[in-house]
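Just below is one structure, and these are the notes that go with it.
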Amino acid sequence: MAGGTDALVHLRAGRSDTNVIVDIKKIPELMETKFDPLTGLTLGAAVPCHQIYENTAVQSAFPGLIDSTSLIGGIQIQGRASVGGNLCNAAPSADAIPILIAYEVTCLIAGPEGRRKVAVEDFCTRPGKNILEEDEILVSLHFPPPEKNSGANYLRFIPRNEMDIAVVGVGVKVVIKNDTFKSARVALASVAPTPLFVREAGAILTGQPVSDASINKAAQIAKAAAKPITDMRGTTEYRKHLCEVLTRRSLQTAIARARGDQS
Amino acid sequence: MSTQSYEPNMVLSKKQYKVLGTRPVRHDGADKVTGRAIYGADIQLTGLLHGAILRSPHAHARIKSVDTSKAESLPGVKAVTTSEDFPEVGNKIAPSGAGGAGPAPLKKVQSNILAMDKVLYKGHAIAAVAATNIHVAQEAIGLIDVEYEVLPPVLTAPDAMGKDAPILHDDLKTIELGEQTNTVSNISSHYQFKLGDVDKGFKKADIVIEREFDTSTVHQGYIEPHAGTALWNNDGRIQIWCSTQGSFTVRSVTALVLDLPESSIKVTPLEIGGGFGGKIPVYLDPVAALLSKKSGKPVKIVMGRQDVLEGSGPTPGSHIKVKIGATKDGNLVAAQASLAFEAGAYPGAMVIPAGMCVFAAYDIKDVIVDGYDVVVNKPSTAAYRAPGAPNAAFATETVIDEIAQELQIDPIDFRRKNAATEGTRRADGPKHQRIGCTELLEAMEGHPHYQSPLEGPNRGRGVAIGYWFNVGLQSSCTISVNPDGTVALVEGSTDIGGTRTSISMQAAEVLGLQVQDVQPTVVDTDSVGYTDLTGGSRVTYSTGMAAIQAAEDVKQQMIGRVAKLWETEPDQVEFSDGTFRAKSDPGKQLSFKEVAAKAASTGGPIVGRAAVNPSSAGGSFAGNIVDVEVDPETGKTTVLRFTAFQDAGKAIHPSYVEGQMQGGSVQGIGWALNEEYYMTPDGVMANSSLLDYRTPTSLDLPMIDTVIVEVANPGHPFGVRGVGEANIIPPTPALANAIHNALGIRLRKLPMNPVKVMEAIWAKDGSN
Amino acid sequence: MPSKTRVVTTINGEETEFLCEPRQSLLECLRDVLGLTGTKEGCNDGNCGACTVMLDGRIVTSCLVLGVEAQGSQITTVEGIAAGQELDPLQQAFLEGAALQCGICTPGFLVAAKALLGREPNPSEERIRFWLANNLCRCTGYDKIIRSIQKVAADRQGANT
C-alpha cells in the first residue's frame, strides 16, 4: 500500500479480503523521482501526487502528468495518493493512466523471479485487476525523454469541478514538425473495461497537417472506439459524445503546448 | 467581542436598536474553532461500548428469520437487540410518525427503528450489536443471519399509485379527502385544497400552460452523521446524549417506543453538525438504550455515511403537474396543481406544506391543489428545509417564467403584478398577514445584478421566488440575574446555526445589557420547560419570544425591587436604556447592575421565566437572481453570479441571516444541478457515498450575494420572521429559468445535470 | 483480539505515544484513543475533509491514513492551531466573519486554510476555492469561509507593507 486512498476504501467496503498490508513507502526506489533530459523520468510507484506536481523538472518536461496528478481527488488526497497506486488500482476511470499511455510509459515490476517490464497500456487487464502476479510489486514507471516540439495533455469531464470520478478522460501526446503531426497517441478513461489506448486515433494523425479537419477525424475515431456503459455517472450516448468533444479539446491543448504557446 | 464592519446590503427597517442588528461573535464560538465543542460522536463515557446496525440489503422483503447467535458469541460483543426487544404497543398512535410528519401508528414508528416482519427499503435497520470497539461490532453484524423472502420493489409515486403496484403495507388504507376508505394501496392519503372555481377561472385565461415535472430524492447532506449514546442506569433511568434537532422529541419518541414514562428519560443535546430537518426523526437512541439495558454499559451508535444516505430520511422525490392561466395583460386567473410525493417506506411525506406553498406567492382567486402521500421502497422521508415547497416551486416558478415569456412581460414585473399581499388567501385557506412579497420583488428589480447586462455566448439569467409559512410552536426560557448584573439564559433549542446568540441578543435588547453579559446555555430536558424542535424557522422567532418575555419578567421583578428600595409603587418606576428611573424624579436612578447587586436584600434571587406557543409565524419570501453559463458541448452549467433575497423581518444578527440565505441557496444549487438518489431497478442507491452523491464544493460556486429585506412581522415584538428555510426554495427554478435563457431549453426533471442538459440540447436540435 | 502496535509521533508539538490495531485509522486513533475529538468523521472515505489534519507538512484526510503509518510523523490538528489562550488569526476571522454555522466542518477548514496561507500568503479566490475543494460545508455555502481567509491574507499583506 502506498497512499492507501483507494486500498483502504476497498478494504472497508469489503471488496478485498486482504489480511496483511505492507507499507511500501519506506522502500527508497519506490519513493524516488529521477529525471534526466537524455534518459527520461523514472517515477517511483509510491511517490505521492503532490511531490510530482511540485517537481519543477516534471512540470516542464511532462505537463500532462501535472494535469493528472493535480486532478486526482483534492489537495488532501494528493498528499497521499500515488500514480503507481492509481495504476495498480486499475479502475477504468483512473485519472493517471491515459496520460501514462500517451507518454509511452513502461512499468518496472519486481518479483521473486526478478524484474520485468510491461507497457503501461497492457498493465490493466479487467476493471480493478492488473497484470501483477500475487507476489509481484510495481517498482517504478519510466517515461521516455520528451521529444522536441511535443505537447501532452490530460483532460477529463466531471459534473462538479473537483473530487469526482471522470465521466470520460482523455490523455494525448503529439509531436509536431512543420505544422504536421509527426506522431500522436490518444488514450481514454471510463469508456471500456480498462483504460483504452486508441492506436488508430493517433495513427490517423501521423503525417497529417495540424488542422481542425485532422483533429476532428481523430476525435471521431476516439468516439467510435469507445465502448462505454450507462451508469450513475453517465449514459453510453453521453460518454461517446464526450469522447469526441474532449479528444478534440485535449488535442488542441497538446498542440498549443507543442508549439510552446502555453505550459 | 468585536463586531466586523460590513457593507450595507439591506433594505433596513426604520427602527434602530442597540443590540439587534449588530454582529457579535457567537457565545459558542471559541469552543467551535478550537475543537473543544462536543458533538454527538465526541462524547466519552467510562465503559462505553460501540454499537453497529445490521441493515437490509433488499429494498422490499419479508423477514422470515433472524439468527443472532453467532454474533452474540463473538468475543467482545456485549449485547444484541432486534425489534423483539420492543414492548408490545398495540394500536397506540404516536403524535408524529417515522419521518416526523403527523400522527402514525406507534408500531410503525418502532418498525422503522428496527424492522419487524418486513424490510421496506435497502438500509432498513434490522438488528444492532454493542461491542468493545467499533470494528468488533461491525464484524458481529456480519455474523447475523437473516432469511429474506425478497419481494419486488416500487420506487416512484406514479408507479406506486398504479393498479398492479407491489403493496408495502397491507394494513394501509387510503384516506380520501379526509374520509377513511377500505382500499388497501400505497396511497396513504389524498387531500385537496380549493379556492373559488378553477374551471371558471381557466375560462377567463388567454394563455394556459400546463406542465409535468419530476424531482429526485435528495438528502439534507449534513456533514455530521447521526450519533446517539444511551445509558440505561441501574435505577431504571435512561440518559441519552445525542445530536438532534429536538431533545424533547427524542425523549417523547424514546418513551413511546419503549413504553416508559417520559420522566424516566433525560436527553442532553450535544452540539449538532447540521440537521436541516433530517435530525428530527429518532433512529438510534432507543436502539442504544436497549443495548445499554442488555449490556449494563453506556452504548454509543454513530451512523456511517452510507447508513446516513440509506438509513435516515431524505426528502421526497415527486411527480408534479402544474397548470396556470393568465390574461394577456398579465393577470393570473387560475391555477391547478397535482403533487404526488414519495413518502418512502412509511406515510408522512410533506405534501401538505407543498400544497400550502405552491401558489402562495401569488394572488389567484381560483385554485385547486391535489396532494398524494405515497409510500415507496425508499428510506422513510424526513423534512428538508421548507419541506415540499422546493419541489412545488420548481414547477410553479418555471411555468410562471414560461407565461411571462409568452406574454413578453419582464419576469420580475409579472410576479410583482400578481404578488400576494396582506389579505391574499392561500390555497389551504388562511389569509396572509403582513408579508414582504412585493418589497422582495422590488428589491430584486432594483438590484445592480438585475440591472447589469449579461454578456457572452451560452449565458443566461433566471429569477424565481418562493414562500414558506414558518411555524411558532412551544418554547421555554429562564433568565437568572447574577449578582454582578450579568445574566444566565437557559433555553432548550438545539443550536444549529448560532441561535443561542440571536436569542441572547433579544434578551439583551430588552434588558439594556450588552450581548456578552447574557450567557446562554442550551440545556437538557430536565433543566428547561418543554421546547419544541429546532426547525420550521422557529427558533429566533419563538424561543426568541420566550427570551423576550422572560426578560420582561426579569424587568418587572426588578422594577418591584426598585419600588421596594424607593418605598414607592411599581407603577412609579420605569426602565429604559439599562436604567431604572423614578417617574416623578428622573434624577433618581439605579442601574441594572446596582439593582442586581441588591437582589438578596430585596427579596432573593431574580429569576425570570416564560413559556410561549405562538399560534402562527410571519411568512418569509425568498428570491434569486442567477446568471449561468452552459457549455453546449458538455451540458455543464457554471453558476457565474448569484444573488439571494429574503424578507427576514428584523434581522437580529445579520451575519447569520446572510449565512442562512447563502447556505440554503447552495443546497438549492446542489439540488438543481447534481444531487439525486440514483436508484437501480432493485431499489438500491447506487451512489451512496459523498463521492457520487454530489453536493457542491467550494470550487463549484461563486460568492453568494445577499439582500435582507426587512418587513417587520407584526406578530413578534421585534418584527422577526423565521429565515432558515425559504431560501432553499427559489434556486431550482431560478437555475432552470437561467438555463432556458442561455440555451432555449426547458428542463423539467431534477437534477439538471450535464447528461440531462445535453439530452435536452439534442432534443431541441433534433440531432444525435 | 488483534495485537496492538505502539506508535510514537508528535502531535501539536508534543511527543505522543499510543497503542493501536493496524486496522484503526489515524482519525480513529486521534479521536477514540487519544481523546482529540476536534477532528471529525463525516464520511470515512476521503470525500468530505472533516477529518483533515496536517501530516508532515501536508494536509491529508486522516480517515485514509492508518494510525500505524503515523509512526515518527509530525501531526497538527485543530487543537494545535491556537497559540495557547490566543486564537490564531484564522480562528478569530472565522468567528468575526460568521464563517461557521453548525461548526462541524470548521476544524477541517481551519487546518486546510492554515496550510494554504502557510505556503501561499496571498492566494486568489480561485486558488482558495481549489485548495478547499476537498472540504465540504453544507451550512454556509462557503462564501463567508472564503472571505474570512481572504481577510487574514489581506491583513498579513497589510502588516507586511
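Every chain is numbered from 1, with letters handed out A, B, ... down the list of sequences. Please read these numbers as outputs of a predicted model, since none were measured by experiment.
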### Task
Please look at A/Ile21 and chain C and tell me whether the side chain, the backbone, both or neither of the residue comes under 4.5 angstrom of a heavy atom of that chain.
side chain
### Task
Select one option (side chain, backbone, both, neither) describing which atoms of C/Asp56 are under 4.5 Å from chain A's heavy atoms.
neither
### Query
Does the side chain of C/Phe130 reach to within under 4.5 Å of the side chain of A/Asn161, using non-hydrogen atoms?
no
### Atom CZ of C/Arg6: over 12 foreign heavy atoms under 6.0 Å
no
### Message
For the CG atom of A/Leu8 and the CZ atom of C/Arg23, what is their distance to the nearest 0.5 Å?
### Response
13.5 Å
### Message
Using heavy-atom distances under 4.5 Å, tell me whether C/Leu132 contacts chain A through its side chain, its backbone, both, or neither.
### Response
neither
### Minimal non-hydrogen separation, A/Arg12 against C/Ser25, with atom names
NH2-CB, 3.6 Å
### Query
How far apart are the closest heavy atoms of A/Met163 and C/Gly46, and which atoms are they?
CE-O, 3.9 Å
### Message
Tell me the closest heavy-atom pair linking A/Ala2 and C/Glu69, and the distance in Å.
### Response
O-OE2, 3.9 Å
#### Entry: Exceeds 12 heavy-atom contacts within 6.0 angstrom, atom CZ of A/Arg126
no
### Query
Between C/Asn134 and A/Ile77, which heavy-atom pair has the shortest distance, and what is it?
OD1-CG1, 3.4 Å
### Message
Taking side chain as everything from C-beta outward and backbone as N, CA, C, O, which of these in C/Val65 sits under 4.5 Å from a heavy atom of chain A? Side chain, backbone, both or neither.
### Response
both
### Summary
Looking only at C/Leu116, C/Thr61, C/Leu64, the option with the highest number of non-hydrogen pairs under 4.5 Å against chain A is C/Leu64
### Min side-chain heavy-atom separation C/Leu55-A/Arg80 under 4.5 Å
yes
### Query
Once you round to the nearest 0.5 Å, how far does NZ of A/Lys26 lie from CD of C/Gln71?
7.5 Å
